[in-house]
Novice: 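Take a look at the following structure, please.
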Amino acid sequence: MKKVLCVAMLAVLALLSACSSQKKITLQPGELGHAYYYDFKVNDAYVVDQENINYVPAEGNRLIAIDLTVTNTLEAEFSMTVDDFFIVHKKYDGIIQAIDPCGYEKQITLPYPIPAGQSVTGVLVFELPADVQQFHVDTMDFFGNKKLGNLYMVECDIGY
């Protein structure tokens with residue numbers, strides 16, 4: 001009887017841990033991602049022409065534009081913030097947040113509200129080392145109780 005009870009408890013623990021595990025989902029630009037609260041798509045990633053921009057990156061850095069579309073899948077409006085999308089690359093141990101604002105005319109002003117069932121398309125601008133070609137744009141399911149859900153990584157390659 002004790003053996004059956006132990007096996008049953010182990011099965012329940014395995015099931016619970018499997019249900020709460022975070023998944024890493026890798027996408028390519030143009031592919032639609034389905035986060036818990038919103039759908040999103042990185043339409044393009046490119047180097048920003050810095051002419052007529054009032055932001056000067058640090059020496060050795062450049063500005064990268066991430067053109068994306070976010071669709072609110074909830075039944076209420078919510079706002080996206082600088083924390084919702086970030087960049088990760090191999091040469092930096094941490095995350096890089098969007099710059100707000102930098103004067104780029106296509107840039108989304110943060111925070112940006114998205115009405116229920118509606119979409120917003122625009123550009124987030126990031127400062128990266130000039131020699132970085134490959135990186136991923138990430139977003140993550142985050143729940144109010146500080147519990148993290150899935151991590152979505154869109155792999156980008158912008159070249160020099």
Side-chain angles (χ1 to χ4, degrees), residues 20 22-160:
S20 65
Q22 178 189 49
K23 293 181 186 175
K24 291 182 181 178
I25 300 165
T26 303
L27 303 163
Q28 299 298 316
E31 289 185 304
L32 187 62
H34 303 284
Y36 190 81
Y37 298 110
Y38 51 90
D39 290 344
F40 68 94
K41 179 170 53 169
V42 171
N43 303 309
D44 196 10
Y46 56 91
V47 177
V48 174
D49 178 7
Q50 290 186 232
E51 192 172 314
N52 301 319
I53 293 180
N54 61 7
Y55 183 92
V56 178
E59 188 172 329
N61 288 355
R62 63 183 173 177
L63 299 180
I64 304 299
I66 305 299
D67 181 308
L68 62 98
T69 301
V70 180
T71 302
N72 180 349
T73 57
L74 298 177
E75 295 181 7
E77 179 179 283
F78 71 89
S79 290
M80 301 296 286
T81 69
V82 71
D83 299 321
D84 291 314
F85 288 91
F86 49 93
I87 285 183
V88 177
H89 65 87
K90 293 178 183 178
K91 295 185 178 197
Y92 181 73
D93 186 27
I95 64 170
I96 298 172
Q97 291 183 312
I99 301 165
D100 183 46
C102 77
Y104 187 53
E105 73 275 358
K106 298 177 182 179
Q107 184 177 14
I108 298 171
T109 302
L110 299 168
Y112 53 99
I114 306 176
Q118 299 294 311
S119 297
V120 170
T121 298
V123 169
L124 296 176
V125 178
F126 298 84
E127 181 175 346
L128 293 175
D131 63 345
V132 170
Q133 295 182 72
Q134 298 172 333
F135 55 88
H136 44 94
V137 179
D138 295 359
T139 189
M140 178 179 280
D141 292 328
F142 181 77
F143 304 100
N145 59 2
K146 297 185 180 183
K147 180 181 175 192
L148 300 177
N150 294 334
L151 173 65
Y152 305 87
M153 303 177 299
V154 182
E155 296 178 334
C156 298
D157 188 337
I158 55 169
Y160 287 99

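Given the structure is predicted, the values throughout are model-derived calculations rather than measurements. Along the sequence shown, residues carry numbers from 1.
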Novice: Using atom types as modelled and distance alone, determine if a side-chain donor or acceptor of Gln22 lies under 3.5 Å from a backbone N or O of Gly149.
Specialist: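 Yes.
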Novice: Evaluate the side-chain proximity of Ile114 to Ser119: yes if any heavy-atom separation is below 4.5 Å, no if none is.
Specialist: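 The answer is no, as the side chains (C-beta and beyond) never meet within the 4.5 Å cut-off.
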Novice: What's the spacing between Ile87 CD1 and Glu127 CD if we round to 0.5 Å?
Specialist: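 CD of Glu127 is found 11.0 Å from CD1 of Ile87.
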Novice: To the nearest 0.5 Å, what is the distance between NZ (Lys24) and OH (Tyr152)?
Specialist: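 Reported to 0.5 Å precision, the distance equals 14.0 Å.
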Novice: Measure the shortest side-chain to side-chain distance between Ile53 and Val48 over non-hydrogen atoms and say whether it is less than 4.5 angstrom.
Specialist: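 Yes, at least one pair of side-chain atoms sits under 4.5 Å.
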Novice: Can you name the closest pair of heavy atoms from Leu110 and Ala98 and give their distance?
Specialist: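 Smallest heavy-atom distance, with atoms named: CD1-CB, 4.2 Å.
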Novice: If you measure from CD on Gln50 to SG on Cys102, what distance do you get to the nearest 0.5 Å?
Specialist: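 If we round to the nearest 0.5 Å, Gln50:CD and Cys102:SG are 8.5 Å apart.
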Novice: Under 4.5 Å between any side-chain heavy atoms of Leu63 and Phe126, yes or no?
Specialist: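 The answer is no; the side chains never approach within 4.5 Å.
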Novice: I want to check something: taking the side chain as every heavy atom from C-beta on, are Tyr38 and Thr139 in contact at a cut-off of under 4.5 Å?
Specialist: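 The answer is yes; the side chains approach within 4.5 Å.
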Novice: Has Tyr36 got more than 12 heavy atoms of other residues, nucleotides or ligands less than 6.0 Å from its OH?
Specialist: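 It does not: Tyr36 OH has 12 such atoms or fewer within range.
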Novice: Got a donor-acceptor contact below 3.5 angstrom from the Gln107 side chain to the Ile99 backbone?
Specialist: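 Pair found, side chain donor or acceptor close to backbone of Ile99.
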Novice: Would you call Ile96 and Phe135 a side-chain contact if the rule is heavy atoms closer than 4.5 Å?
Specialist: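 Side chain of Ile96 against side chain of Phe135, heavy atoms only: no contact under 4.5 Å found.
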Novice: Where is the tightest heavy-atom contact between Glu155 and Gln28, given as atom of each residue plus distance?
Specialist: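 For Glu155 and Gln28, the tightest heavy-atom pair comes out as OE1-NE2, 2.9 Å.
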Novice: Nearest 0.5 Å please: distance from the CG atom of Leu124 over to the CG atom of Asp100.
Specialist: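 Rounded to the nearest 0.5 Å, the CG-CG separation comes to 9.0 Å.
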Novice: Considering non-hydrogen atoms only, spot the tightest contact between Pro111 and Thr81 and give its length.
Specialist: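 Looking at all heavy atoms of both residues, the closest pair is CB-CG2, 4.2 Å.
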Novice: Testing the basics here: between Tyr104 and Ala65, what is the closest heavy-atom pair and its distance to 0.1 Å?
Specialist: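 Shortest heavy-atom separation between Tyr104 and Ala65 comes out as CE2-CB, 4.3 Å.
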Novice: Indicate the atoms forming the closest heavy-atom contact of Ser79 with Pro113, along with that distance.
Specialist: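 So the minimum-distance heavy-atom pair works out to OG-CA, 3.6 Å.
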Novice: What's the verdict on side-chain contact (heavy atoms from CB on, under 4.5 Å) for Thr69 and Val120, showing C-alpha distance, side-chain angles and the deciding distance?
Specialist: CA-CA 6 Å; Thr69 301; Val120 170; over 6 Å; no
Novice: Is the shortest side-chain heavy-atom distance between Leu148 and Met140 below 4.5 Å?
Specialist: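 The answer is yes, as the side chains (C-beta and beyond) meet within the 4.5 Å cut-off.
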Novice: Measuring from Lys41:NZ to Leu32:CG, what's the distance to the nearest 0.5 Å?
Specialist: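 The NZ atom of Lys41 sits 7.0 Å away from the CG atom of Leu32.
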Novice: Flag the pair Gln118 / Asn72 as yes when at least one side-chain heavy-atom distance between them is below 4.5 Å, and no otherwise.
Specialist: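 No. Closest side-chain heavy atoms not under 4.5 Å.
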Novice: Side-chain contact test, heavy atoms from C-beta onward, threshold under 4.5 Å: evaluate it for His34 versus Asp39 and give yes or no.
Specialist: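 A side-chain contact exists here, since the closest heavy-atom pair is under 4.5 Å.
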Novice: So which atom in Asp83 and which in Phe86 form the shortest heavy-atom distance, rounded to 0.1 Å?
Specialist: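 Minimum heavy-atom separation between Asp83 and Phe86: O-CD2, 3.9 Å.
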Novice: Got more than 12 heavy atoms from elsewhere within 6.0 Å of CD, Glu75?
Specialist: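 No, because the 6.0 Å sphere around CD of Glu75 holds 12 heavy atoms or fewer from other groups.
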Novice: First locate atom CG of Leu128, then atom OH of Tyr92, and finally report the distance between them rounded to the nearest 0.5 Å.
Specialist: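 If we round to the nearest 0.5 Å, Leu128:CG and Tyr92:OH are 10.5 Å apart.
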Novice: Phe40 vs Phe85 aromatic rings, parallel, tilted or perpendicular, using cut-offs 30° and 60°?
Specialist: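 Ring orientation of Phe40 relative to Phe85: perpendicular.
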